[in-house]
Structures are given as structure tokens and as C-alpha cells.
K.L.:
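Before anything else, here's the structure in question.
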Amino acid sequence: MAEAKAAPSEGPKGTRADRPAEEPTGAETEAANEPADGRAGEPANAAVAEGVPCWADAMVPDLAAAKRFYGELFAWTFDEAGPAAQGAYTVARLGRRRAAGLMRKTDGRMPTVWTVYLATADVAATTERIRAADGQVINEPRPVGSGPAGIMAVAADPGGAVFGLWQPAERSGFEVREEPGAYVWAEVHTREPAGVDAFYPDVFGYRPLDPADVRDADGRGEEPEMVVWVPRSGPADESAAVTARCLLEEGTPPELPAHFLTYFAVEDCDAAVGTVERLGGRVRREPESGPYGRWAVCRDNQGATFAVLAPPERPAQ
């Protein structure tokens, strides 16, 4: 994977604001045991539309080092860790609200990576649609957490990008979004746009925005380089966008696989990048400004890739 610069196609597409497609061992299924544990915050079964990103977690070699890195970068605090044999899954909080998860790799062959989870009302039915749409189910649905918290699975799209599925029971996922230190956006980067563009609408009911309604130049024209999706019902404009498909452009290093890139909101992109470097992380793409704010792509102090985004200031009312 190139360190100095990421694929030129990376960037927050349509927002208001990696993981290799290799089959994990059974230990990963156990480690990713609770994409939400919850105390204060949203109601236990707050409704989340089908296919909306509802949780994100990182799998790392050194959990203590990850807590130091992200704790300082995003002002996260951390719940008590889960069982060590299951990766010591730890929920990160922004204030009292669930913001993300961290876990220790239980097998060194596992990737060091951020994973985004997409909400579904019926994970078993969704996995069947994934197979029918030429995707791959990596980890079959299984209940996790006490209660259970929900039912999870792990899958890959036809281009190889890996994502999680989450059917909420007692826990629905994020309790905070689009605030500094919280999740703000995710997009899939692929070399196979035709298959991927059909896959997500078939599986989750996504609708593509009309290119004329997308502010980013990559999303306009007769053959746009990216597609912005909204859920199957509701407004069809950028304010309702949930994710996007972007291209891994020609010349991208072959070792960079198709992947979801997860963005976290920050107040100051350049300051956040400086903190990343001071804490031992690296910058894969230097800060730049676009229609959705100022953003950069980084790697943490153990190699997991993520992005930071400082949304543009809203005009005074």
C-alpha cells in the first residue's frame, strides 16, 4: 500500500459532511462481538434505514496503543474491555455517547483495518440477497452481546470491498454522528464499478442521485467517476446521502484492495493531521478542500486507514 499518496479518487463524495477481502478466521467473528454496548444516548431500538452505516470499528495489533492514539485524536474515552480471548472489544465514547469500537487482533494474519457496518432489518435475508447479487458472505449471521445486542455478519461486494451487517436488537449503533470526533461518512472504493453499482441497490435498495444534483465534479457528466446513493425511500438529494461509490483509478498500487473508507469529523483538518503525525501515524493524502469541507486520508500508528473531514462552516442564520 502506498504511504505517500492515496488513490486520487479518494474524497468525501456526496456527504454533508480497508480492509482486504480475505476471509477472516473464526476468531474475528468472536472478536467483533458487539458493534454497540450502550448506556446513555439513543433509544435501544432507534430506527435506522436499510443500508445506512450504523457502526464502525477498528481491529489492531495493540489495543492499548490504539486507545492512546484515538483517545487523544478524537477525545474518546473507553468502556471496560470485553473478554481477552475475543479481542477485548472496547467501545469508544464521545462524552457519554457510543462513537466507535476497537478490538485487538487475535490472529496476526488478520488485517489492521477499520470496518463499517450497514444496518439491516433482517440480516439473514440480506445475506441471501448478497449471494444472489454476486457478493460473498464471509461470516454468517450470528447473535452477539447480551440480550443479544444484535445480529451481525461480514460480507464483501463483487469488487472485494468488505463491510459488516448489523441487525439491531438492544443496540442500534452510533449514538453520535457528524460532530468532531464522531463518524461522518463512508464510501466504497473499487476497480469494478459496473458490478458494484448494481450490487448495493439490489441488496439495500439504494437509489443513485442524478449526477446533476451532485456538487462534486467527479459525480457529474455522462460517465461520472463516482455515484452517490440515498436510501430506498425519502428525499433524493445530497442531504439524504448515506454512502457513495468511488473509483480506484488506473495506476493505483495493486496491493491497495477495494475498500470502504471511513471518515471522522474534526474541527480543524490540518490540526488533526498534525496530531496524527505527532502520535506516530502517517498521512496518505495531504489535506485539501472540496465542496464538502477540508479532508485528508491518514493511517493510524498501527496502519489502519481512515479519513478526517472538517465540514464547511454553515452560514449564520
Side-chain angles (χ1 to χ4, degrees), residues 1-19 53 56-58 60 65-66 68-76 92 94 99-100 102 112-116 161 177-190 215-219 225-226 228 238 241 243-249 251-253 255-314:
M1 184 178 295
E3 293 283 12
K5 186 176 181 181
S9 59
E10 288 180 329
K13 312 297 186 181
T15 178
R16 292 168 294 177
D18 1 88
R19 166 183 190 145
D57 57 25
V60 297
R68 290 192 296 270
F69 180 90
Y70 290 105
E72 182 164 351
L73 179 62
F74 294 139
W76 288 349
L94 189 60
L102 300 175
T112 300
V113 67
W114 276 96
T115 299
V116 64
R177 299 170 181 256
E178 301 182 18
E179 295 182 13
Y183 169 89
V184 67
W185 182 247
E187 62 202 18
V188 60
H189 291 256
T190 187
R215 283 177 287 166
D216 193 304
D218 286 348
E225 295 184 2
M226 64 95 169
V228 178
E238 283 191 332
T243 189
R245 185 273 294 156
C246 306
L247 292 180
L248 285 171
E249 296 184 350
T252 299
E255 62 268 25
L256 181 66
H259 61 279
F260 271 87
L261 180 62
T262 303
Y263 289 73
F264 294 95
V266 293
E267 290 185 354
D268 185 321
C269 178
D270 295 79
V273 164
T275 301
V276 166
E277 293 180 313
R278 178 173 56 80
L279 294 173
R282 298 184 181 184
V283 180
R284 285 190 48 211
R285 183 155 183 166
E286 295 290 341
E288 60 184 85
S289 297
Y292 310 109
R294 190 160 174 81
W295 59 279
V297 182
C298 305
R299 299 183 77 176
D300 68 18
N301 57 344
Q302 300 180 70
T305 298
F306 64 99
V308 292
L309 171 67
E313 292 186 6
R314 297 179 179 177

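Throughout, residue positions are numbered sequentially from 1 according to the sequence presented. Since the model is a prediction, treat every value here as computed from it, not as a measurement.
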K.L.:
How far does CD of Glu288 sit from CD of Glu286, to the nearest 0.5 angstrom?
P.N.:
10.0 Å
K.L.:
Between Tyr70 and Phe264, does the ring centre distance come in under 6.0 Å?
P.N.:
no
K.L.:
Give, for atom OG1 of Thr305 and atom CZ of Arg299, the distance between the pair rounded to the nearest 0.5 Å.
P.N.:
5.0 Å
K.L.:
What is the distance from atom CZ of Phe74 to atom CZ of Phe69, rounded to the nearest 0.5 Å?
P.N.:
7.5 Å
K.L.:
Quick check: closest heavy atoms across Leu94 and Ala75, and the distance to 0.1 Å?
P.N.:
CD1-O, 4.0 Å
K.L.:
In a table with atom names and distances, give each donor-acceptor pair under 3.5 Å that connects a side chain of residues 273-280 to protein atoms at least two apart or in another chain.
P.N.:
residue : atom : partner : partner atom : Å
Thr275  : OG1  : Ala271  : O            : 3.1
Arg278  : NH1  : Glu72   : OE2          : 2.9
Arg278  : NH2  : Glu72   : OE2          : 2.5

K.L.:
Considering non-hydrogen atoms only, spot the tightest contact between Val228 and Ala244 and give its length.
P.N.:
CA-CB, 4.1 Å
K.L.:
Atom OG1 of Thr190 and atom CZ of Arg245: how far apart are they, to the nearest 0.5 Å?
P.N.:
8.0 Å
K.L.:
How far apart are the closest heavy atoms of Ala272 and Leu73, and which atoms are they?
P.N.:
O-CD1, 3.7 Å
K.L.:
Apply the test side chain to side chain contact (heavy atoms under 4.5 Å, CB included) to residues Tyr292 and Val184: give CA-CA distance (whole Å), side-chain angles for both, the deciding distance (0.1 Å), then the verdict.
P.N.:
CA-CA 11 Å; Tyr292 310 109; Val184 67; over 6 Å; no
K.L.:
Kindly give the heavy-atom pair with the smallest separation between Cys269 and Pro287, and that separation in Å.
P.N.:
SG-CB, 3.9 Å
K.L.:
Quick one: pull up CZ in Arg284 and SG in Cys298 and give me the separation to the nearest 0.5 Å.
P.N.:
9.5 Å
K.L.:
Of all the heavy-atom pairs spanning His259 and Ala161, show the shortest one and how long it is.
P.N.:
N-CB, 3.7 Å
K.L.:
Which heavy-atom pair separates Leu309 from Trp295 by the least distance, and what is that distance?
P.N.:
CD1-CB, 3.8 Å
K.L.:
Could you give the distance from CZ (Arg282) to CG (Asp300), rounded to the nearest 0.5 Å?
P.N.:
11.5 Å
K.L.:
Residues in side-chain contact (heavy atoms from CB on, under 4.5 Å) with Ala100, at least two apart?
P.N.:
Trp76, Trp114
